[in-house]
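This one's a predicted model, so the numbers in the text were calculated from it and none came from an experiment. Protein chains get the first letters and strands the later ones, always in sequence-line order, with residue 1 at the start of each.
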Amino acid sequence: MSRPGPAGHASAGPAVRRAGADPYRGRVHVPELAWPTTAAQARAEQDRLRPLVRTTGSLPAPLRTVAGLDVAYGGDDRLAAAVVVLDADTLAPVDQATAVGVAAFDYVPGLFAFRELPALLAALAALSTVPDVLVCDGHGLAHPRRFGLACHLGVLLDRPTIGIAKTPLSGRYEPPDPRRGAGSALLADGEVVGRALRTRDGVKPVYVSVGHRLDLDAACALALRLTPRYRLPETTRRADRLCRDALAAAG
DNA sequence: GCGACAG
DNA sequence: ATCTTGTCGC
């Protein structure tokens, strides 16, 4: 099963410092959590927070940093969350942090956020910088109740977020053209909840959706900026490696 | 009722 | 997510 509460111990990574005024200074503000125990409570919480989602907004100009978040699992509900902050132009890492702990909820499609959010927030709190945009490994609006992990995290922090998932969860779509950059609408209940976006020629698409404070075009533009070489964004790839390492290091 | 079902 | 053998390709 699972337990609510703290996600365990967090550790900051070697933040890259710059001489003079530090453009990466600051801390992400992480809220206190009252975690649900049952699926019904969790859905009620999603319905309560859903109205707070903002689905408009363009990428900050200039866009300095982008964060990638991911979680790796070990046996017995153990997990490790990681956040990696990349320079938006060079995609070089400038900060990182991890947090090990226990899954905060059982895995239930549609309630995924309740499982990973506590650990992700702990990792974010250990960061020494405040990323301009947060990229989640999962969906935002492309969710049964339009409130996936990316929306949830965005609302809790009131920061710009987007979701980039490897497989669809909610919505129908036509296969986009085979070239990188092509996309097709993810439709659910007659509305566009996201976009199947081809990030590499001839490779299956990823599923991009709005999290908070950005519109779908901005989300897709960012997804393409983060995929100069592989199907998955560099943010996700870096975070994936980091959380696996953190899990292994934790024993 | 039956399938589908982020990670 | 994680468990896993082999296989195709750069």
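Atom CG in A:Leu197 sits roughly 20 Å away from atom P in B:dA6 (whole-Å rounding). Going from atom CG of A:Asp137 over to atom P of B:dA6 covers 12 Å, rounded to whole Å. Remark: P of B:dG7 and CG of A:Leu120 are 14 Å apart, rounded to the nearest angstrom.
Partner of A:Leu232 under the side-chain contact (heavy atoms from CB on, under 4.5 Å) criterion, chosen from A:Ile164, A:Thr227, A:Val206: A:Val206.
Base engagement by A:Gly110 is indicated by at least one non-hydrogen atom pair under 4.0 Å involving a base atom. Counting non-hydrogen atoms under 4.0 angstrom, A:Pro168 reaches the backbone sugars and phosphates but no base. Counting non-hydrogen atoms under 4.0 angstrom, A:Leu69 reaches nothing in the nucleic acid.
Ranking B:dG7, B:dA6, C:dT2 by closeness to the A:Ala72 side chain, first place goes to C:dT2. Picking from B:dA6, C:dT2, B:dG7 the nucleotide with the shortest atom distance to the side chain of A:Lys166 gives B:dG7.
Of the possible donor and acceptor atoms, one in the side chain of A:Asp95 sits under 3.5 Å from a partner among the backbone N and O of A:Ser128.
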N/O to N/O distances under 3.5 Å, protein versus nucleotides 5-10 of chain C:
none

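Within the 4.0 Å cut-off from OP1 or OP2 of B:dA6, at least one side-chain nitrogen or oxygen of A:Tyr107 is found. In this model, the phosphate group of B:dG7 is approached by a side-chain N or O of A:Thr167 to a distance below 4.0 Å at OP1 or OP2.
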